[in-house]
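Computed over heavy atoms, backbone and side chain alike; hydrogens, waters and symmetry mates excluded.
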Amino acid sequence: MSIAESRTAGSIPFPEALGVLRAAAEETRLRILALLTDGELSVSDLTDILGQSQPRISRHLKLLVEAGLVERHREGAWAFFRLSEARAGLADPLLSGLDRSTPPLSEDRARLDAVRTQRAEAAQTFFARLAPKWDELRSLHVPEATVEAAVLDALGERPLGSLIDLGTGTGKMLGLLAPRAARATGLDSSHAMLSVARANLERQGLSRVDLRQGDIHAPPFARASFDLVVVHQVLHYLDDPARALRGAARLVAPGGRLLVVDFAPHDLEFLRTGQAHRRLGFSADQVSHWLAEAGLATVATSDLVPREAGQLTVTLWLAQEAVHQQAAHQQAGLGRDAEPLQRAVA
């Protein structure tokens, strides 16, 4: 059973269910819950949409959080709120049955669309300043579509379960994988980049992805809380990539997987100054060694080699818990010394 399935398997005791329903049985709070079905919102968003004062909105949110209907998380000086998974079994039927085509919910939705438009415009302005550098980097390796296809190929048809993308940036991996996941989370240290990711995901209709601000070296999540952990084009920016992988490995649930995507070793020194790269790529053995130190076994690697000389090779590493990997090898008759699959994609 995946983490997402296990979370929905339990029932809610009667006294708690009564408290949940009482918290929802108020006009403003029910409107807030209806808005949050379309994704997380800040207090400022809700005051703009509902036309009520910040203290009043904050009081309603406090009651919803206390009832377990809504979760709160910090993003720098901002606080964002989203529907709680713990009460989904009780809240989802109620909220899905609401008629959104008539006031006040239809008017709330129109104002929500206006807030999202403003958010997207602000994110686009920020990203426009970064685009030239990102375009330069993308021109140095195989097309993004090739990388995305290799990611999907590496993960196969197995259900993704609960997913986290560490160092999510613009949310590209979330946009690719969240539709296949039961639950999707993105972590980044930059509030500005999270704003870009939020706008991009909303444009794709993925508004219920959970975006959090935090340090990739110490992710603010419980141990073994995700079925798939993704670290995509992040390690080369870090002073201590091994430490980041140890933090990522701590999040992998029993039987779960960790996918790393980064550059193979190269000598493009200008990327240190022009793109703030701390490391000029990694060998397959180096990352596999770090993963092994973190308790994970590399089960597959893939090199995406560019056609032109002097460009960057993108490497993928797929790992899972060493205990589960050894058991899989023994069941397949491969023994514990079986070599991981090595592939090259031209």
Ion pair [X]/[Y], N-O distance below 4.0 Å:
X: E40; Y: R198; answer: yes
X: E85; Y: R183; answer: yes
X: R257; Y: E321; answer: no
X: R111; Y: D113; answer: no

Under 3.5 Å, is there a donor-acceptor pair between the side chain of [X] and the main chain of [Y]?
X: D215; Y: H217; value: yes
X: E26; Y: T28; value: yes
X: W317; Y: T298; value: no
X: S189; Y: G214; value: no

Are F263 and F282 an aromatic pair, judged by ring center distance below 6.0 Å?
no
Which heavy atom in [X] sits nearest to a heavy atom in [Y], and how many Å separate them?
X: L211; Y: L194; answer: CD1-O, 3.9 Å
X: L258; Y: A249; answer: CD1-N, 3.8 Å
X: V43; Y: S58; answer: CG1-OG, 3.9 Å
X: L187; Y: P220; answer: CD1-CD, 3.9 Å
X: G175; Y: L201; answer: N-CD2, 3.7 Å
X: A154; Y: L318; answer: O-CD2, 3.4 Å

Cut-off 3.5 Å, side chains only: do [X] and [Y] have a donor facing an acceptor?
X: S190; Y: D188; value: no
X: D285; Y: S288; value: no
X: S162; Y: D227; value: yes
X: N200; Y: T170; value: no

Does the side chain of R82 reach to within under 4.5 Å of the side chain of L36, using non-hydrogen atoms?
no
Within-4.5 Å side-chain heavy-atom neighbours: L312 and L268:
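Yes; the side chains approach each other to less than 4.5 Å.
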Mark yes when over 12 heavy atoms from residues, nucleotides or ligands other than [X] sit less than 6.0 Å from its [atom1]; otherwise mark no.
X: R278; atom1: CZ; result: no
X: R272; atom1: CZ; result: yes
X: Q54; atom1: CD; result: no

Tell me, with the steps shown, if D92 and T37 meet side-chain contact (heavy atoms from CB on, under 4.5 Å).
CA-CA 9 Å; D92 282 358; T37 61; over 6 Å; no
Walk me through whether H60 and R29 qualify under side-chain hydrogen bond (donor to acceptor under 3.5 Å, both in side chains).
CA-CA 6 Å; H60 285 304; R29 292 198 286 275; 3.1 Å; yes
Do the rings of H277 and Y237 sit parallel, tilted or perpendicular, given the 30° and 60° boundaries?
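If you compare the ring of H277 with that of Y237, the planes turn out perpendicular.
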